[in-house]
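This report concerns only the one structure given below.
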Amino acid sequence: MLRLNDILDTVTAYNPGADLDIVKKAYVFAAKVHQGQTRRSGEPYLIHPLETAGILAEMRLDVPSIATALLHDTVEDTVTTLEEIEQLFGEEVRNLVDGVTKLSKIKFTTSEEKQAENFRKMIMAMAKDIRVILIKLADRTHNMRTLEYLPEPKRIEIARETMDIYAPIANRLGIQKIKTELEDLSFKYLNPEIYKTIDEKVTARQSKRDKYIEDVREIVANEMKAHNIPCDISGRIKHFYSIHRKMEAQNIPFDEVYDLIAFRIIVDNLAQCYEALGALHGLWRPVPGRFKDYIAMPKANNYQSLHTTVIGPHGERVEFQIRTHEMHDVADRGIAAHWKYKEGKIFDEKEEMKFKWIRRLLEWQKELSDPAEFLDTVKLDLFADDVYVFTPKGSLMELPRGSTPIDFAYSIHSDIGDQCIGAKVSGKIVPLKYMLRSGDTVEIITQKGRTPNKDWLQFVRTSKAKAKIRQFMREEEHEHGLEIGREMFDKECAKYNLNSNKLLKSDEFEKYMHELRFKEANSMLVSVGYGKLSPHQILTHIVPKEQLVIEGQAPKETIWEKVVSKLSKRQGGLVKVSGLSDVLVSFGKCCNPVPGDSIIGYVTHGKGVSVHIRDCQKILAADSDRLVAVDWDMSSGVGRTAKIKVICADRQGLLAKMTEAITEIGVNITEAEIKTMDDRKAVNIFDIEIKDIEELRKVMQSLEKLKGVISVERVRT
Ligand code: MN
């Protein structure tokens, strides 16, 4: 039996300055008021508060929590009043006892509506003082340990409630030790047959398993020693409930559950975690896909560890968890591991941030009036890895963790997603990349006529948002192409005085369309817009040759034909137009961009996209609706012709030196124009073929270095 002194020793060990008088006083008081009461087991009632206090001491909670544990049933089960508690133990303990008493009255086995209300109360109690729920968890743990003494219906009821409510809460608070114990005890009463089978099989192999654990431990210990990694290694059988879940999930009998044992390597610091992992993987081959780095990416309850499964000494799968002592402590004690005693406060600010969801839960309960909805959301947030956010009108939206305002917008309506230009969270503008958190109220700012941005695809999380953005991109590409294609086709027809509308509906057109395997006229025109198909090519197939004659010109080649073939050959692939492939591209003669220039595209009437330097006068004056984003495709290997103007002294041999300087870089001169001025100066205009702006700079620099050269500049027209 646990004695008060054991608890006092434990507390002193982790909190040497603790004022133990209040604990002793609480013990004496509880002993007095519970006197004569017994538990179902026949033992004195006092054992229960004492054990509860003992569990909390193991979790290393503060003195008021331990005192409260000793007093937690006094108001409920004896004549003691809260006033008395306050007089004797102060306000803090009074509030804690009050909280635990209220929580104890909450039953989660009632109708849904009642349950929701109860959940609300519990969340409020948690948010007010998290210690209340920790004391309740300890209370429930001891009750579960002694559940066998209760009549069966009561047993099942409590076990069900523990499995459904308290074990998940312990998990959410990161208290693995309590969580696994509550799960196993509940499992024992909820599925006694299966529990018994697992228990028997585990027991039957005990000695064999112990030997195996010792063997593995020794091999790993030697390996770690060889790598100079000081560590503690332990191996243990997994808890029964998780074995059961494994059997169920994989639909296999006990004997086929291979990884029954989990090994733990505990090291001194973070670097050693990865060193140990490396050493382990060097020793035994890792099973692909089983490595998880919860150190870099901690679980929602702050759990940190490296997990890996390797092929062990007998070809079997063995699971390892690697972590530091500190991480291990957090895994065991969860939220309680963040206690700060010295400062006399529960958490420091940073730690409190990690458990902010508790506060958010409290905020929700104010906003959600429908108890069933509240229950759903609270349960889900406690138990799942999703976020729950609100619309400005208070409707609740459930989204996967990592979702952004864009995901939220699309989950409301695709139009809202498409026209989204900004977002506010709780009244403040946030970036569209912002990761939503449970409890956020999200307002989407839209603007009519705005369209989705391709870049959104890089951060949206939901499949709906992704699908909608992609769909829009495809449609836009199609529309662009169609617009251009139709204009090109119309122009070509106009040249021969043909009616394009009529032609598009003609049998001949339809026949050629099928020949080229297009399903509809529009897709064929899109192809024209992209420069894959020339309008003239279509005409030659659907119109008799004699009709394709322009007065005074040979029928076979049109100017368009020349332009299209020339452009698609020469510039093909040099520029990518925002997501479009194979679009017909030309370069503005007004600014003559070269690869590396900051550029923008202008959708012309009938000539595809013309590419300009961003600050080109023509672009600044252009209709902004027709502007599209374009990028250089530096991998295309296609160059451009640039013009440079060199002013130099009119000196013999200088021209030769200049051409030599240019060609030395490996650049071709396609044209040169030289004019002599009156003041003994010469102006030279060179057309040079360059890869990109870098090469142009090189040429200009080497010209500037020549003796006699006065100025070198790039000519954009
Ligand atoms: Mn109790």
Side-chain angles (χ1 to χ4, degrees), residues 557 559-575 584-602 604 607-622 630 632-634 636-717:
E557 205 175 21
I559 296 168
W560 249 119
E561 205 74 17
K562 270 186 196 162
V563 171
V564 168
S565 66
K566 213 172 162 190
L567 281 177
S568 39
K569 262 177 222 147
R570 276 215 2 238
Q571 345 257 253
L574 183 53
V575 165
L584 179 61
V585 162
S586 62
F587 290 97
K589 293 211 166 45
C590 42
C591 55
N592 195 31
V594 299
D597 277 329
S598 174
I599 48 173
I600 190 148
Y602 177 81
T604 64
K607 278 186 253 169
V609 171
S610 101
V611 174
H612 296 258
I613 295 180
R614 260 174 197 282
D615 59 3
C616 167
Q617 288 301 318
K618 227 175 168 175
I619 285 303
L620 295 174
V630 291
W632 293 105
D633 181 2
M634 294 303 205
S636 72
V638 184
R640 289 273 300 149
T641 302
K643 241 185 227 308
I644 45 174
K645 181 166 136 188
V646 185
I647 298 176
C648 62
D650 185 12
R651 191 188 292 172
Q652 218 184 352
L654 192 50
L655 179 63
K657 275 193 179 147
M658 286 193 287
T659 49
E660 195 187 303
I662 296 171
T663 48
E664 224 168 41
I665 293 167
V667 168
N668 272 335
I669 303 168
T670 54
E671 235 180 286
E673 188 194 330
I674 295 109
K675 265 190 252 165
T676 323
M677 318 284 278
D678 297 340
D679 51 356
R680 296 189 54 78
K681 282 180 190 162
V683 178
N684 312 265
I685 308 277
F686 295 103
D687 282 6
I688 53 173
E689 277 183 353
I690 47 148
K691 262 204 327 270
D692 53 24
I693 200 159
E694 243 344 279
E695 206 168 53
L696 177 63
R697 267 189 213 123
K698 255 191 224 158
V699 170
M700 290 170 68
Q701 273 165 11
S702 72
L703 287 172
E704 272 164 358
K705 278 184 203 147
L706 292 176
K707 212 174 168 189
V709 169
I710 297 159
S711 74
V712 183
E713 63 175 299
R714 177 178 168 194
V715 184
R716 295 199 344 189
T717 51

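At a threshold of 4.5 Å between non-hydrogen side-chain atoms, the residues V699 and V712 do not count as touching. Side chains of C591 and K618 form no contact here, defined as non-hydrogen atoms less than 4.5 Å apart. Taking 4.5 Å as the limit, every side-chain heavy atom of V667 sits out of range of all side-chain heavy atoms of L696.
Summarising the local packing, CD of Q617 is surrounded by 12 or fewer heavy atoms from other residues, nucleotides or ligands at distances under 6.0 Å.
Considering CD1 of I619 and CD1 of I600, their distance stands at 6.5 Å, rounded to 0.5 Å. Taking CD1 from I599 and CG from D615, the interatomic distance works out to 12.5 Å, rounded to the nearest 0.5 Å. Atoms NZ and OG, on K589 and S610 in that order, are 9.5 Å from each other to the nearest 0.5 Å. Rounded to the nearest 0.5 angstrom, I647 CD1 and N684 CG are separated by 9.0 Å. For the atom pair I669 CD1 and E689 CD, the distance stands at 11.0 Å (nearest 0.5 Å).
Across every non-hydrogen atom of R714 and I693, the tightest pair is NH1-CD1, 3.9 Å. G601 and V630 make their closest contact through N-CG2, 3.4 Å (heavy atoms, listed as atom of the first residue, atom of the second, distance). Residues F686 and A672 approach most closely at CD2-CB, 3.8 Å, considering heavy atoms. Between I690 and A642, the shortest heavy-atom distance links the atoms CD1-CB, 3.9 Å. In terms of heavy atoms, L654 sits closest to K707 at CD1-O, 3.4 Å.
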Inset, instruction - Please assess H612 against C590 for the test side-chain contact (heavy atoms from CB on, under 4.5 Å), listing each intermediate value before the final yes or no. - result: CA-CA 8 Å; H612 296 258; C590 42; 3.2 Å; yes

Inset, instruction - Kindly indicate, with the supporting measurements, whether the criterion side-chain contact (heavy atoms from CB on, under 4.5 Å) is fulfilled by I644 and L703. - result: CA-CA 10 Å; I644 45 174; L703 287 172; 3.6 Å; yes

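Classification of D597 and R716 as a salt-bridged pair fails, no side-chain N sitting under 4.0 Å from a carboxylate O.
Below 30°, between 30° and 60°, or above 60°: for W632 and F587 the angle between ring planes is below 30°, a parallel geometry.
Applying the side-chain hydrogen bond (donor to acceptor under 3.5 Å, both in side chains) definition to pairs two or more places apart or across chains, those involving residues 692-703 are E694-R697. Counting only residues at least two apart or in different chains, side-chain hydrogen bond (donor to acceptor under 3.5 Å, both in side chains) contacts with residues 642-671 comprise K643-D687.
Panel note: side chain R640, backbone P593; a donor-acceptor pair is recorded below 3.5 Å.
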